[in-house]
Protein chains: 2
Amino acid sequence: MGTTQLESVPEPKYWHLKTVLSEALDSEFAVGEILPNERELAARFGVARATLRQALEQLELEGRLQRRRGVGTTVAPPRMGVDVGTGGQVWPGTADDGWQPVDCDLAQPPAAVAEALETGRDEPVHVVRRSRVTHGQTVAAELLYVPQSSVPELSAIDAPSGAARARAVLRELQRRELESQDRSVELGSARADDAKELDRLPGAPVLVVTTRFVAEGRTAALSVATYRADTCRLTFGATGDVEIHHGPERQAS
Amino acid sequence: MGTTQLESVPEPKYWHLKTVLSEALDSEFAVGEILPNERELAARFGVARATLRQALEQLELEGRLQRRRGVGTTVAPPRMGVDVGTGGQVWPGTADDGWQPVDCDLAQPPAAVAEALETGRDEPVHVVRRSRVTHGQTVAAELLYVPQSSVPELSAIDAPSGAARARAVLRELQRRELESQDRSVELGSARADDAKELDRLPGAPVLVVTTRFVAEGRTAALSVATYRADTCRLTFGATGDVEIHHGPERQAS
DNA sequence: TAGTGGTCTAGACCACGTT
DNA sequence: ACGTGGTCTAGACCACTAT
């Protein structure tokens with residue numbers, strides 16, 4: 001037969017689109033460049049806008065694109081390597097690692113956190129909020145849960161709340177001896193408050209890094225940090241400059 | 001005024017839906033239970049099917065649901081903790097960690113990999129494929145790139161390819177002294193082949209763990225492992241049984 | 001063959017940032 | 001005010017799994 005094998009394996013349109021766009025990004029666009037808008041791209045490829053969006057969503061998930069409402073779709077720079085677990089075993093706030101205390105108050109933690117901290121169900125704990133800024137961008141938001149028993153000498157008079165109190169809690173925590181820590185990473189979606197801090201929409205994909213700090217045989221603190229999954233590559237160990245990435249990258253003029 | 005504050009902050013429908021469903025999952029459904037189908041759920045909530053699907057997608061991303069074409073939507077068990085980086089610094093294949101060699105052949109690596117390996121552009125390297133099985137489920141697929149210079153004594157006669165050769169490459173690799181290794185984690189989407197191995201659709205969200213093995217000052221091997229993001233929580237360090245999770249969970253009868 | 005989730009369409013309106 | 005991406009609808013058909 002003279003027929004070429006058309007769609008004998010019906011690859012989804014959005015998948016094929018994604019491939020085509022991905023190659024175009026490598027060869028025809030520079031980092032920071034603005035793509036044509038969705039309606040035009042859809043028309044150009046002869047698909048419905050929803051289908052085009054499905055392809056764009058995937059590319060954004062992979063960190064190739066950045067979309068902003070009211071602005072447009074731009075070509076994203078390669079993901080930045082963000083070091084997690086500097087030097088292995090240190091209390092939070094010890095190193096100058098880009099974490100900035102935001103505020104702190106006393107609140108009842110979620111049930112799952114209370115369980116990990118081995119505190120009573122209704123016992124309030126210190127909740128320290130911090131945000132991490134790298135290369136001028138907020139890449140992570142953290143909630144650090146510290147049981148009152150972990151910082152017994154904290155004076156309530158110092159500051160009732162706010163960044164000053166956050167620093168005080170961290171300072172008291174660092175006076176204890178850190179036995180060990182363990183960490184886990186999983187995929188999540190940004191809660192409304194985290195999303196705002198990270199300059200993303202609610203539900204945006206994030207990498208949730210949970211760290212448990214152990215001192216004197218007990219969980220002395222629990223950190224839940226949410227990193228922007230689109231722009232961050234979490235690195236562990238010495239050098240964080242390994243670049244495993246797609247093709248050529250140029251800079252927008 | 002007698003008006004209640006209706007939608008003064010117009011929260012998206014799918015977002016609200018997600019919240020409602022999430023609570024229902026906690027209180028009214030058991031792990032493994034099958035939800036009503038999408039058309040019925042959409043009708044029940046009075047939304048279009050696409051909107052309902054947007055909520056389900058998010059819940060699946062968070063590991064709360066599992067959807068299978070032709071079958072239905074089921075309540076997912078809590079994510080399993082998968083240890084990454086057992087004992088810190090060991091060659092792949094040393095520990096009994098659930099990794100199984102699949103096959104191996106000589107191929108030209110992607111440009112980015114060749115760069116990290118510091119091999120010549122067109123120089124073929126050993127590509128070992130392995131898959132990791134935990135609790136009876138394939139949770140990860142790996143491509144391990146090993147330059148020929150890292151396993152100089154590998155005899156070509158042993159086996160031309162296949163699992164036997166994969167084991168041979170690993171064995172030779174383990175004879176060298178491992179200096180250090182560094183690792184990074186980022187979000188990706190499954191390529192077609194990985195997706196098949198992981199029993200997911202192409203484009204499914206995965207956690208990509210890249211490990212660089214250093215021996216004699218050079219990158220002796222590079223591992224790119226893709227983990228199912230929906231079912232896995234990657235753990236680092238001693239105990240991997242910290243459970244930071246949502247509400248109550250029951251078991252399906 | 002029946003029922004499920006996956007893909008796709010062609011519209012509409014809304015929220016947001018810029019001008 | 002305008003243009004962007006974000007949300008939503010009401011359909012249609014397809015691919016897969018189980019019976």
Side-chain angles (χ1 to χ4, degrees), chain A residues 6-19 21 33-61 64-76 189-190 192 195-196 199-205 230, chain B residues 6-19 21 33-61 64-76 189-190 192 195-196 199-205 230:
Chain A
L6 276 176
E7 303 293 325
S8 92
V9 177
E11 188 181 49
K13 277 190 188 177
Y14 79 90
W15 186 261
H16 182 242
L17 246 185
K18 180 191 141 184
T19 308
L21 281 168
E33 200 172 338
I34 301 182
L35 265 62
N37 71 52
E38 298 185 347
R39 288 160 181 89
E40 175 169 345
L41 278 178
R44 188 178 301 187
F45 286 106
V47 298
R49 191 177 155 220
T51 304
L52 185 269
R53 277 180 61 81
Q54 212 172 339
L56 294 185
E57 253 150 49
Q58 285 238 359
L59 289 169
E60 191 178 30
L61 200 77
R64 308 287 314 272
L65 292 178
Q66 186 155 353
R67 297 191 289 171
R68 273 173 302 173
R69 166 152 53 180
V71 180
T73 301
T74 57
V75 180
S189 51
K196 193 175 176 187
D199 190 29
R200 301 261 60 198
L201 289 176
D230 55 343
Chain B
L6 277 175
E7 304 294 324
S8 91
V9 175
E11 188 180 49
K13 276 190 188 177
Y14 79 91
W15 186 261
H16 182 243
L17 246 185
K18 181 190 142 185
T19 308
L21 281 169
E33 200 171 340
I34 302 182
L35 267 59
N37 72 52
E38 297 184 347
R39 289 160 180 89
E40 176 169 345
L41 277 178
R44 189 178 299 186
F45 286 107
V47 298
R49 190 175 156 223
T51 305
L52 186 268
R53 277 179 61 81
Q54 211 172 339
L56 294 184
E57 254 151 49
Q58 286 239 356
L59 289 169
E60 192 179 30
L61 200 78
R64 308 286 315 271
L65 292 179
Q66 185 156 353
R67 297 190 289 172
R68 272 173 303 172
R69 168 152 53 177
V71 181
T73 301
T74 57
V75 180
S189 52
K196 195 176 175 185
D199 190 30
R200 301 262 60 198
L201 289 175
D230 55 342

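Just so we're on the same page: letters track the sequence lines, and every chain starts at 1. Values below: every heavy atom of this structure, side chains too, minus hydrogens, waters and symmetry copies. Since the structure is predicted, the reported quantities are computational estimates derived from the model, not experimental observations.
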Report the distance from atom [atom1] of [X] to atom [atom2] of [N], rounded to the nearest whole Å.
| X | N | atom1 | atom2 | value |
| --- | --- | --- | --- | --- |
| A:Glu57 | C:dC8 | CD | P | 13 Å |
| B:Ile34 | C:dG3 | CD1 | P | 15 Å |
| B:Leu56 | C:dG6 | CG | C1' | 13 Å |
| A:Glu38 | C:dA15 | CD | P | 17 Å |

Query raised in the report: Base, sugar-phosphate, or nothing: which does A:Leu201 touch, judged by heavy atoms less than 4.0 Å apart?
Result: sugar-phosphate
Taking only the side-chain heavy atoms of [X] (C-beta and beyond), determine which of [options] contains the nearest atom.
| X | options | result |
| --- | --- | --- |
| A:Arg67 | D:dG5, C:dC8, C:dG5 | D:dG5 |
| A:Arg53 | D:dG5, C:dT7, D:dC8 | D:dG5 |
| A:Ala50 | C:dT9, D:dT7, C:dG5 | C:dT9 |
| B:Thr51 | C:dT9, C:dA15, D:dC8 | D:dC8 |
| A:Lys13 | D:dA18, C:dC8, D:dC8 | C:dC8 |
| A:Arg69 | C:dA15, D:dT9, D:dC16 | C:dA15 |

Requested in this report: Using a 4.5 Å cut-off on heavy atoms from C-beta on, say whether the side chain of B:Arg53 contacts that of B:Arg49.
Outcome: yes
Query raised in the report: Looking at side-chain heavy atoms only, is the closest gap between B:Leu59 and B:Lys18 below 4.5 Å?
Result: yes
Query raised in the report: Could one point to a donor on the side chain of B:Arg49 or the base of C:dG6 with an acceptor on the other under 3.5 Å away?
Result: yes
Query raised in the report: Is there a donor on the side chain of A:Arg39 or the base of D:dG5 sitting less than 3.5 Å from an acceptor on the other?
Result: yes
Query raised in the report: Are A:Arg64 and A:Glu60 close enough, and set up right, to give a salt bridge (charged side-chain N to carboxylate O under 4.0 Å, His left out), and what steps lead you there?
Result: CA-CA 5 Å; A:Arg64 308 287 314 272; A:Glu60 191 178 30; over 6 Å; no
**Report entry** Worked check of salt bridge (charged side-chain N to carboxylate O under 4.0 Å, His left out) between A:Arg68 and A:Asp199
**Finding:** CA-CA 10 Å; A:Arg68 273 173 302 173; A:Asp199 190 29; 5.8 Å; no
